[in-house]
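The structure appears below as structure tokens.
Sequence lines set the chain letters: A, B, ... in the order given, protein chains first and strands last, and positions in each chain run from 1. In this text, all values refer to a predicted model and were calculated from it rather than measured experimentally.
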Amino acid sequence: MTAVPESELVLVLPDGATRSVAPGTLPADVVRSIGERLLQAAVAVSVEGTVQDLMTPLRRGGAFRVLTERDPEGLSVLRHSAAHVLATAVRRLRPDAKIGFGPSIDDGFYYDFEVATPFTPDDLERFEAEMRKVAAEKLDFVRAEVAMPEARQRFADDPLKLERLDDFTDPNEIISTYTDGPFIDLCKGPHVPHTGRLKHFKLLHTAGAYWRGDEKRQMLQRIYGTAWFKKEELDQYLFRIEEAKKRDHRKLGRELDLMMFHPFSPGAAFWTERGTTLYNTLVDFVRERQRRDFAEIKTPLLYNKGLWETSGHWGKYRENMFLVLDAETGEHDISLKPMNCPSHYLMYLAKRHSYRELPMRYVTFDVLHRNELTGALSGLTRVRQFAQDDCHVFLREDQIASEVQFLMRFILDYYSAFGLTATLKFATRPETRIGDDAMWDRAEGALKAALEATGQSYALKPGDGAFYGPKIDFDVTDSLGRAWQLGTIQLDYAAPERFDLQYVGEDNADHRPVVIHRAVSGSFERFIAILIEHFAGAFPTWLAPEQVRVLPISEEQAPVAEAVVTRMLAAGIRAHLDARSETLKYRVAEGARTKIPYMCVIGRREAEADQVAVNTRGAGEGQRPAPVSVDEFISRVRAEIAARRLTPGAGLG
RNA sequence: GCUGACGUAGCUCAAUUGGCAGAGCACCUGAUUUGUAAUCAGGCGGUUGCGAGUUCGAUUCUCGCCGUCAGCUCCA
């Protein structure tokens, strides 16, 4: 090894070789020294794990990796550049547009513009066509580092950029601009070498977005797009969007006759007979799991505002509560409950409790109302009326670890019953919080210890906890790979104070319990939406509103078929008869479309032998159903339901 | 709440520049009694989301309201 002057940067290549270069050297030059062809393929480089582009001077040494189209880190660089290409195109066609921010995001990018008249779908097409021109021109992305006065001068005509420049308070911070052709933007990068690298992209839609995410500021016009290195990746992405649309619970919910909505009650579902069966089956499932260790209670739906003043909700969240006029006082000082917590505290307060009773777990499935903004409503995932599997645990501080472990096991087991897996997030003390540091140390320590005892991996979300305590969030991933935040375990030290909750300890003195808020499904409404999309409407037999449909081939078998249905109902199977005067073909097609797990056909042969010919969902068209004795079929389906198997298969036996 | 788009039969969708609102499926009736992914025929079904305005005439143009969707903001 030759001695390297201290001022030199040492770059360690993946194969262990080193290069030493002067600070300020461009990565492009380093890559060229490795190979001209590598330079052609390079998208950006990674220095000590930080992605930077080829035209940003090197300021530090360390592990040096060249990123090509094969490296996923390169994708966000491409997308960010795509945003600049979009802005370049927009400025060509709409020179008056002021430019906001244009970052890369999951699956794509966006750019915000301030324009006098909003964009139309036609504009979007013209912008995309113009982007293709900009890409074809292969304009180099040129980086420049400028001093503040110069930067102000360059962006003098763009108030959005000038405001952005105000954020540069640290005089040592580098202000950089990127130029591609005539377009210049204040931007720290990184970017691909030139616009020609952008090949496979599509503009998706426009939307309004507040400047700097502040609803008090003006609304900008945001354009969303997606970009990929390979055409197949773009096609796959667009295909995935289409598939997701087919599974949309709002569409399937109507097609499968599960629920509906009506303008007279926005944000509240009407559950059909089938949907109600599904809903109740789900609630029964939770009930069964909670039978031993939880106490289900019901509390009132309406409360005087005094309760919300005590809980602290009246001041801050009143506008999200449905207030009811009290005819006697003439005031709106009654409200529908938006959550169950305070009512559980009142139940707890009604008696003196011994340390021996703890942990005590109250659970309630009551209807809750929250007056969500109209623009926030969306199908079953964001509603005004819903129910939670809402539990509050009252416990001693020394029980936190074991309780958290218990609840976590409960939640994860619950998800796995649906074939859903969850990732865990550990959220710690936020900026604004109550309680002293010692309390937070204890709470976070206990939560963390319990988390780690489970052996589950988790991500840390520092500062994302509730204001009253740390929490564990459960993000569930569905069959399309989408993540949904469902379950939560939250430690609460504030509520026991506000409500003056107590228990009598071993020492015969009063002590303050801790409260844990726990939800598993989040809300049943939202959970059902996720289940519909996760299963694409093809529910496991135990959840299916209609589990078996019995089809007599002709009128002759109708009485036998009806008797078979009766036997199935008696065995606890949700069976229906379809003896309509339609062809078997027609009835089978309809049953398949409705995603019934089993269709039992009864012809002359089956009727004589007390058998059914079973069509199993998922076996596909043209399946050759094997005859099974009615009793055998019933016992197999019962076993499948009892085991809550995810896919029907009893008939294939 | 904000920005934009949209709202035609139960559902999915048509309807030249403003000129008699239509199809498929579903539903009803009849025929058919069917051996595995939509049998045939006939019929019912509409104050074109609601309310104003412009016009000889409005599904079509304008305004307001309601709702839905894509986002933004919010989600105790």
Side-chain angles (χ1 to χ4, degrees), chain A residues 110 112 114-115 117-124 204-224 245 248 250-251 254-255 257 260-267 308 311-321 337-342 368 370-379 381-384 386 466-468 485 488 490 492 494-495 517 522-523 526 551-558 579-594 599-607 613-615 617 619-625 627:
Chain A
Y110 68 77
D112 287 342
E114 185 171 19
V115 282
T117 50
F119 302 132
T120 65
D122 285 346
D123 286 330
L124 218 57
L204 298 173
H205 54 259
T206 60
Y210 297 111
W211 168 234
R212 315 215 98 179
D214 184 345
E215 63 180 323
K216 291 184 182 64
R217 306 295 301 270
Q218 74 269 39
M219 185 155 269
L220 308 182
Q221 296 300 312
R222 177 171 295 179
I223 297 177
Y224 283 92
K245 274 186 199 158
D248 191 312
R250 292 165 295 198
K251 178 174 141 74
R254 189 174 52 241
E255 288 173 2
D257 190 27
M260 59 165 244
F261 291 91
H262 194 279
F264 280 157
S265 189
W308 311 114
S311 71
H313 291 109
W314 191 255
K316 211 169 153 194
Y317 300 106
R318 183 175 17 179
E319 64 274 17
N320 284 322
M321 300 207 289
K337 65 177 170 186
M339 77 265 299
N340 294 301
C341 337
L368 305 174
R370 294 181 188 180
N371 198 354
E372 304 289 357
L373 294 172
T374 49
L377 300 177
S378 177
T381 52
R382 192 75 184 274
V383 285
R384 286 187 170 144
F386 60 98
F467 69 91
Y468 45 73
Q485 208 249 290
T488 186
Q490 307 177 353
D492 187 348
H517 304 250
S523 83
R526 208 161 88 98
L551 314 176
I553 288 182
S554 74
E555 275 173 9
E556 200 184 319
Q557 291 88 39
R580 287 176 300 170
S581 157
E582 299 285 353
T583 59
L584 184 62
K585 267 180 189 291
Y586 176 90
R587 287 175 290 156
V588 167
E590 191 188 80
R593 203 175 52 235
T594 320
M599 279 180 286
C600 291
V601 174
I602 300 180
R604 186 169 296 164
R605 292 197 298 274
E606 288 79 11
V614 182
N615 293 266
R617 188 189 65 210
E621 286 184 36
Q623 58 178 298
R624 290 276 160 267

Return the set of residues passing side chain to side chain donor-acceptor pair (under 3.5 Å) with [X] (not counting sequence neighbours), or none when no residue passes.
| X | result |
| --- | --- |
| A:Asp257 | none |
| A:Arg384 | A:Asn371 |
| A:Asn340 | A:Lys337, A:Asp390 |
| A:Arg318 | none |

According to side-chain contact (heavy atoms from CB on, under 4.5 Å), who are the partners of [X], at least two apart in sequence or on a separate chain?
| X | result |
| --- | --- |
| A:Leu124 | A:Leu203, A:Thr206, A:Ile223 |
| A:Arg593 | A:Glu590 |
| A:Ile553 | A:Gln557, A:Leu584, A:Val601 |

Practice task
Output yes when a side-chain donor or acceptor of A:Ser378 lies under 3.5 Å from a complementary backbone atom of A:Thr381, and no otherwise.
Solution key: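 Pair absent, no side-chain N/O of A:Ser378 close to backbone of A:Thr381.
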
List the atom of [X], the atom of [Y], and the distance in Å for their closest heavy-atom pair.
| X | Y | answer |
| --- | --- | --- |
| A:Glu582 | A:Arg587 | O-NE, 3.2 Å |
| A:Gly267 | A:Val383 | O-CB, 3.2 Å |
| A:Met321 | A:Trp314 | CE-CE3, 3.6 Å |
| A:Asp112 | A:Ala209 | OD1-CB, 4.2 Å |
| A:Ser311 | A:Pro342 | CB-CG, 4.1 Å |

Using whole Å, what does the distance between atom [atom2] of nucleotide [N] and atom [atom1] of [X] come to?
| X | N | atom1 | atom2 | result |
| --- | --- | --- | --- | --- |
| A:Asp122 | B:G4 | CG | C1' | 14 Å |
| A:Gln490 | B:A76 | CD | C1' | 9 Å |
| A:Asp123 | B:U3 | CG | C1' | 15 Å |

Nearest-Å distance once atom [atom1] is located in both [N] and [M]:
| N | M | atom1 | value |
| --- | --- | --- | --- |
| B:C13 | B:A9 | C1' | 11 Å |
| B:U8 | B:C50 | P | 10 Å |
| B:G30 | B:U68 | P | 41 Å |
| B:G24 | B:C44 | C1' | 16 Å |
| B:C56 | B:A15 | C1' | 22 Å |
| B:G46 | B:G22 | P | 13 Å |
| B:U73 | B:G4 | C1' | 16 Å |
| B:U16 | B:U59 | C1' | 14 Å |

Handout entry: Side-chain ion pair, A:Asp248 and A:Arg250, N-O less than 4.0 Å
Key = yes

Nucleic acid footprint by protein, [range] - heavy-atom cut-off 4.0 Å, B for base, S for sugar-phosphate alone:
| range | result |
| --- | --- |
| nucleotides 34-50 of chain B | BBBBBB----------- |
| nucleotides 7-12 of chain B | ----SS |
| nucleotides 66-75 of chain B | -SSSSBBBBB |

Practice task
Flag the pair A:Arg370 / A:Tyr317 as yes when at least one side-chain heavy-atom distance between them is below 4.5 Å, and no otherwise.
Solution key: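 They are not in side-chain contact.
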
Problem - Intra- and inter-strand pairs of RNA chain B in dot-bracket (Watson-Crick or G-U wobble, both distances under 3.5 Å; | for another strand) - result: (((((((..((((.....[..)))).(((((.......))))).....(((((..]....))))))))))))....

Completion exercise
NE2 of A:His517 to OG1 of A:Thr488, rounded to nearest 0.5 Å, is 9.5 Å

Can you check nucleotides 61-63 of chain B for protein contacts, nitrogen or oxygen pairs under 3.5 Å, and list what you find?
none

